[in-house]
Structure formats: C-alpha cells, structure tokens
Protein chains: 2
Amino acid sequence: MPEDDKANDRNVTLEDVARLAGVSLATGSRVMNGSPKVNSDARRAVESAIAQLGYVPNRAARSLMTRRSNAIGVIIPAPTSRILMDPFFLMFFSAIGTELALHAYQLLLVMPQSYDEEKHLERYLASGHIDGIVVTALHGDDPLPERIAARGVPVVVSGRAPLGARASYVDADCRSGAAAATAHLLAQGRRKLATISGSLDMPSAMDRLLGFRDALEAAGIPADPALEAVGDFSQQGAVEAMNLLLERRPDLDGVFVASDTMAAMAMHVIQGSGRQIPVDVAVVGFDDQPIAQTTEPPLSSVRHPIEAMSHEMVRLLLDSIEAGDHRPRQVIFPTELVIRESSGGLPVTRS
Amino acid sequence: MPEDDKANDRNVTLEDVARLAGVSLATGSRVMNGSPKVNSDARRAVESAIAQLGYVPNRAARSLMTRRSNAIGVIIPAPTSRILMDPFFLMFFSAIGTELALHAYQLLLVMPQSYDEEKHLERYLASGHIDGIVVTALHGDDPLPERIAARGVPVVVSGRAPLGARASYVDADCRSGAAAATAHLLAQGRRKLATISGSLDMPSAMDRLLGFRDALEAAGIPADPALEAVGDFSQQGAVEAMNLLLERRPDLDGVFVASDTMAAMAMHVIQGSGRQIPVDVAVVGFDDQPIAQTTEPPLSSVRHPIEAMSHEMVRLLLDSIEAGDHRPRQVIFPTELVIRESSGGLPVTRS
DNA sequence: AAGAAGCGTGTAAGCGCTTTCTCAGCCGCC
DNA sequence: GGCGGCTGAGAAAGCGCTTACACGCTTCTT
C-alpha cells in the first residue's frame with residue numbers, strides 16, 4: 001500500500017484515454033487499431049494519453065467484438081513422452097513465444113491429457129478461444145491436426161504433417177541433412193558407418209534414417225541392419241543404442257546420431273569403451289544445439305534453423321488467421337552441416 | 001466440408017441453450033456457474049441442452065463481466081539460461097498445466113525477453129489479463145515477484161522467494177535432502193566425499209550445497225573446498241566439474257550431485273576414468289527424475305514431489321484469487337532419499 | 001454556385017455473458 | 001383469509017471494446 005501506484009479498483013479504459021485526449025471513444029479505438037483515417041493531431045493526442053495513463057487494452061472486450069482471441073495454442077504431447085525432454089522443445093517454445101509476443105498474441109499451452117475425452121479437446125480448440133494452433137512432436141499419423149483444421153481453425157504442424165491433413169507444416173530437410181552428414185563421414189574415409197535413430201514412428205526420425213541410407217547407397221556401400229540402432233531421442237536410449245552398436249560391430253569407425261542430445265551420450269559411451277573421438281570413431285549429431293559446442297571434442301552437427309522455422313510457423317498461422325486463407329502450405333528449410341572436431345574433418349577456425 | 005459438422009458461422013451461445021431448454025438466459029447462466037438457487041428440473045433441462053448443442057462458454061464475454069481471465073501466467077526465464085534446458089521444467093509445466101485445466105484455467109507462457117521494457121511486462125501482468133502468476137528459476141534476488149505482488153496480482157514462486165517479497169512460495173526441503181543423501185554416503189563408509197553444485201546464485205543450489213556441508217560437519221569431517229565444484233545445472237557444467245574433482249582428488253570415493261541430469265553426466269565421466277560405480281565411487285543425485293532409473297547402475301537420488309508441489313502452487317494461487325486473500329504463504333515439502341545401486345547402499349528390490 | 005465526393009469524427013448498437021433487481025407463486029402463520 | 005417470508009426465475013443493465021452509420025466540413029467537379 002505505501003510506495004506503489006497499487007492496483008486501482010478500476011483499470012484504465014479506452015474511455016479514460018479518449019476523455020483525456022479530448023476525442024471520442026471511437027477515435028481512440030481507431031488509433032489503437034492503427035486505422036489510417038484519423039488525423040495526426042488526434043492521433044498524437046491519443047497516443048500521449050495512452051502513454052500518460054499507462055493504458056492497456058482489455059483483451060476480453062476486444063475479443064468479444066472481433067471474435068478473435070489473439071492467442072494461439074501450442075499443443076504439447078504427454079509429458080511421459082521422452083522426446084519432450086529434449087531441450088529442443090524449450091528453444092522451440094521460446095522462439096514461438098517471442099515471435100508471437102511481437103504480434104501481440106499470447107501463447108497458450110494446451111495439454112491434451114487434461115481433457116478426459118478427445119471430444120472435449122476438439123470442442124475447446126474449436127470454440128473460438130484460440131485463433132490458431134501449433135502442433136508438435138507428432139507420432140505417426142495423429143488425426144488431431146486434420147480434425148482441428150476440419151473445424152476451421154488454422155493449424156500448423158512442426159515437422160511433416162500426416163499425409164492428407166488439411167494442415168500447413170514447417171519442416172527442415174532432414175533427409176538431405178542426414179545424407180550430407182553421412183557423406184561427410186564417408187569423405188573422411190570412414191567405411192563402417194553406424195547410426196542411432198529416433199523413434200521411427202516420427203517422420204523426422206525416419207527422414208534422418210533414410211538420409212543416412214541414401215548416402216551409403218550413393219557411395220555404393222551395402223546397408224547393414226546391424227549398424228542401425230534405434231534410440232528414442234532420449235539420453236538413455238542413446239546409451240543403450242551405442243552399447244549395442246559397439247557390441248555388434250566393434251570395428252565401426254563412424255556414427256551418425258539423430259540428435260545432439262543423443263550424440264553427446266553416445267560420445268561418452270564411445271570414450272568409455274576406450275575409443276578415441278575422432279581418431280577411432282567419428283561422430284556427427286543433428287540439431288546443432290548449444291551442447292554440440294561444449295562436448296569434448298566439439299560435435300559436428302546438422303543445423304536446422306529453429307528460430308527461422310518457428311518464425312515461419314507463426315507467420316503462416318497469422319497469415320492464415322488474418323487473411324482467412326486456410327489453404328495448407330508447406331515450407332521446408334534447408335539444413336547445414338556444421339563441421340567440428342568430432343567428425344575428424346577440418347576443425348573450423350574458432351570464431 | 002463434407003464429413004464434419006464444420007465451423008458454424010456462429011458459435012453456440014448461452015441464449016441458444018436457454019431457448020432449447022425453455023428457460024431464460026439468466027437461468028442458463030446460473031446452471032453454468034453451479035448456483036444453488038435453481039430447480040433441479042430446470043437444471044437438468046439446461047444440462048441436456050448444453051450436451052446436445054456442444055455448448056462451450058465464451059471466455060471473453062465471461063471475463064468481461066467477472067473481471068477475471070481464468071488464466072494464469074507462467075513466467076519462464078530467458079532461453080539462454082542453461083537451467084531451462086533441464087527436463088525438470090517440462091515436468092513442472094506439465095504438472096501445473098494439468099492441474100490448472102482441472103480448474104478450467106488456462107496456462108499462459110510469458111516470456112520476459114519479449115517485452116522491450118520491464119515496465120511493459122509489469123503493466124501487462126497487472127492489466128487483468130492474468131489472474132495469477134507462477135515464477136520459476138529465480139536467480140538471486142529478482143525483484144519481479146515483489147513488483148507484481150505490489151500491483152495486487154497473486155504470485156507464487158517455485159523455490160524460495162527473495163527475502164521480503166510479498167509472494168508465496170513452494171519449495172522442497174533441499175537442505176535436509178542433501179544432508180540425508182550425504183549422510184547416506186557416509187553411512188556406506190565413504191569418507192572422501194565431493195559435491196557438484198548448481199549455480200550458487202539460485203537458492204535451491206545453495207541449499208543443496210549447505211545440506212552437503214551440514215552432513216559432513218555433523219560427522220566431524222572437515223570441509224575441503226577442493227571437493228566442492230560448481231556445475232551450473234547443465235550437462236556440460238557437470239562434465240567439467242567432475243573432471244576437475246577427479247583431477248584434484250583422485251582418491252575421492254563418493255559424490256553428491258545437485259541434479260540427476262548432472263549426476264548422469266558425472267557418472268559417465270567417472271566410468272570413463274576407469275573407476276567403478278559404486279565400488280570405487282558412490283554417487284547420489286537429486287530430483288529423482290526418470291533418468292535416475294535408467295542409468296547404469298541406477299542412480300540413488302533425492303526425490304522431491306514435483307507433482308504435489310506443482311499442485312500446491314496452483315492451489316495457493318487459486319485460493320488467493322478466489323478468496324481474494326493475498327497474504328503470502330510458504331509451503332515446504334519434505335524430500336525423500338531413494339536408494340539405488342549407484343550409492344552402494346542396499347539395492348531396493350525391483351518392483 | 002450547387003451538387004458530388006472525400007475525409008475525419010461522433011453516436012450508438014451490440015458482442016455473450018453475469019448479476020442485481022424485481023416479482024410471481026407458494027408455504028405457513030396468526 | 002390476509003400477510004410476511006421464502007424460493008426460483010425473468011428482465012434488464014451493463015462489462016470495454018469495435019464498427020456500421022450518420023453527419024458536418026472541406027475540396028473538387030461541371
């Protein structure tokens with residue numbers, strides 16, 4: 001109570017602003033919405049009144065009129081999913097959230113498991129509380145995006161959307177990236193290449209595996225199933241997969257791992273077995289997350305632009321919302337191989 | 001367009017429900033809000049109309065009247081913060097979100113970095129768009145909780161709140177937990193105990209270090225600064241810290257690590273150095289996350305009830321919101337030592 | 001010089017809901 | 001049998017905002 005301008009009983013309303021600026025409510029509203037048909041004197045008066053009063057528009061009232069919530073929902077899969085534990089997600093949330101805030105949209109976290117029935121979730125999503133939806137970490141052919149899109153709510157999927165879904169998606173060209181990483185290992189003279197993949201029911205995991213095979217095939221090296229192990233994007237899965245690979249093919253000389261998080265664990269296993277990286281075994285990861293720069297030795301990795309992709313997802317969504325154009329679009333971002341010491345390539349000069 | 005009940009131009013409103021049920025709007029509203037003064041016949045009629053029409057109340061309209069948003073904001077620190085990468089956070093979000101959904105509240109993610117000025121953030125938080133706020137991962141004495149509380153918005157801090165802040169907090173008794181873990185190592189006959197701590201500007205990290213020291217002191221063992229290393233709750237920090245400890249005191253026989261994520265990494269370093277766990281070095285972690293059960297050997301850890309704590313946070317917040325009682329409260333949860341193989345204690349029987 | 005056209009502004013209608021106020025109907029009471 | 005008290009339900013007033021519409025003023029047209 002003493003020092004602060006303490007919660008006023010009533011918040012400042014647009015009417016207060018208009019009164020102070022000496023204009024009508026309508027003009028005040030027009031200024032707030034950047035309408036072009038308002039005299040610059042009036043605009044300035046309103047703007048200064050807004051600043052002076054610290055006016056923040058009431059979203060509820062605005063929503064009621066515009067039939068928009070200015071909120072987009074991010075659906076996150078069950079927490080039991082080990083994929084969710086990947087730091088990748090936090091970066092993703094954060095990029096999406098930051099971009100949304102720029103457009104004065106709110107980010108709502110939606111947890112499907114808190115709805116007892118799927119119907120409830122769908123109904124909630126379609127009830128106008130959310131202007132658009134981001135769906136992540138889809139397993140296989142989840143029907144949710146299609147269902148939501150069918151109800152007229154814009155949806156954008158992170159990663160490839162299930163075939164035939166009326167949803168946009170943004171993805172990285174994982175397959176090419178994986179192929180490039182593998183080709184890079186081959187170019188270092190490695191011939192016994194293994195891979196640790198993610199859960200194969202996720203398109204992104206499958207793409208990375210296919211890219212790995214592509215590169216081997218292009219080099220005329222026959223595929224060896226014993227050199228392919230499934231991690232599930234979890235740390236423990238990676239440890240198990242790496243142990244399995246070393247046991248099955250002790251003479252392997254290179255590994256392509258489908259995520260940096262898993263790659264870091266695989267490196268520890270390799271080193272724990274007495275092998276040197278990259279001398280005995282070369283390693284390339286995927287995602288180019290911060291951890292890639294701090295492993296010992298630093299980890300070569302395939303970078304996909306999380307920020308740019310997140311921004312693109314937001315752009316697609318807002319476009320769709322604001323233009324009312326709900327045709328699905330696909331955007332694929334190129335990946336880039338970042339070579340560090342772990343793959344035995346030329347170390348990049350430190351920047 | 002073909003198969004679905006497609007987005008109707010107009011959503012179902014309470015008026016539609018009331019008409020179908022043959023009652024007035026007011027009665028419909030009373031049923032929605034569980035008012036006791038409504039005849040059971042009328043109530044049933046309304047309820048069946050709601051089910052039949054799939055009515056979902058319009059939050060905006062409701063907010064406008066009640067001056068509540070039925071949303072609570074979770075403030076997440078900068079993504080650059082390495083702490084944020086800990087899976088702990090996802091579990092935390094998920095527990096909070098699930099609990100909120102039960103109470104028909106929404107979870108809003110708020111990212112401070114997307115506000116160009118601190119003023120904007122505060123103004124936004126205080127403008128009635130959010131009924132209550134959860135603040136996490138505070139570094140040192142962040143003034144934010146106090147500022148927000150001063151504006152009359154209920155705040156609950158995860159972990160100890162800065163001294164003097166008018167905010168509630170929920171924390172685990174980390175100090176006792178750490179002491180118990182350390183005492184357990186001592187009870188195994190270990191005498192050269194090291195610790196890897198978190199960033200010491202975080203109360204929870206400091207508490208764990210203090211608990212470690214408490215137990216040593218209680219056992220009459222002099223503190224040895226060379227046996228204390230600071231990780232920063234990151235994987236890489238843990239690797240560096242463990243390497244440092246082994247270099248400084250090659251004969252150490254036990255380590256207490258302030259998080260399981262770090263402990264898992266420390267275990268790899270220990271094993272990579274040719275030492276056996278628990279024979280040569282016993283390890284105890286903190287958090288009892290899923291990873292503790294899948295390390296090799298399984299990791300002893302200090303469990304704090306994330307779910308229960310998250311629920312308590314939500315409870316405090318909703319109490320405060322609904323009762324209008326903004327007096328700060330503190331709730332401390334006890335921790336529990338979970339003994340697995342890594343500490344050399346008796347292995348628990350597999351369940 | 002009178003009407004068309006355009007610009008900037010104000011007036012007022014509502015968005016879908018909650019809640020106060022009012023009142024009809026019914027009980028039991030003296 | 002008239003009256004207070006009680007219960008349940010309806011009418012209506014907004015909550016703070018956007019926006020269609022109307023309107024006065026200036027600037028062109030022919």
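What you see is a predicted model, and the numbers here were worked out from it, not measured in a lab. For the numbers below, each heavy atom of this structure counts, side chains included, while hydrogens, waters and symmetry mates do not. Reminder, nothing fancy here: chain letters follow the sequence lines and each chain counts from 1.
- Although no hydrogens or angles enter the test, the distance criterion places no donor-acceptor pair under 3.5 Å between the side chain of Asn33(A) and the main chain of Ser35(A).
- Ala60(A) comes within 4.0 angstrom of nothing in the nucleic acid, heavy atoms only.
- Note on the helix from dA2(C)-dT29(D) to dC30(C)-dG1(D): angle between the axes of the first and last five pairs equals 60°, rounded to 10 degrees.
- Between Val134(B) and Ile75(B) the shortest side-chain heavy-atom distance does not fall below 4.5 Å.
- Side-chain contact between Leu107(A) and Ile96(A) is present, with heavy atoms from C-beta onward closer than 4.5 Å.
- Residue Arg59(A) places no side-chain atom within donor-acceptor reach of the base of dG16(D), judged by atom type and a 3.5 Å distance cut-off alone.
- Residues from residues 43-52 of chain B placing a heavy atom under 4.0 Å of any atom in DNA chain C do not occur.
- DNA chain C is contacted by both Ala26(B) and Leu64(B); Leu64(B) maps to the nucleotide lying nearer its 5′ end (nearest heavy atom per residue).
- Between the P atom of dC17(D) and the CZ atom of Arg30(A) lies a distance of 15 Å, rounded to the nearest Å.
- Taking 4.0 angstrom as the limit, Asn11(B) places none of its side-chain polar atoms (N or O) nearer than this to OP1 or OP2 of dG16(C).
- Looking at Asp131(B), its side chain never comes within 3.5 Å of a backbone N or O of Arg68(B) through a donor-acceptor pair.
- Counting any heavy atom pair closer than 4.0 Å across all strands shown, Ser29(A) reaches a base atom.
- Contact annotation: the side chain of Glu99(B) never approaches that of Arg315(B) to less than 4.5 Å [non-hydrogen atoms, C-beta and beyond].
- At least one donor-acceptor pair closer than 3.5 Å links the side chain of Ser69(B) to the backbone N or O of His129(B).
- Between the side chain of Arg147(B) and the backbone N or O of Glu122(B), no donor-acceptor pair lies under 3.5 Å.
- With contacts defined as side-chain heavy-atom distances shorter than 4.5 Å, the pair Gln330(B)/Ser168(B) does not qualify.
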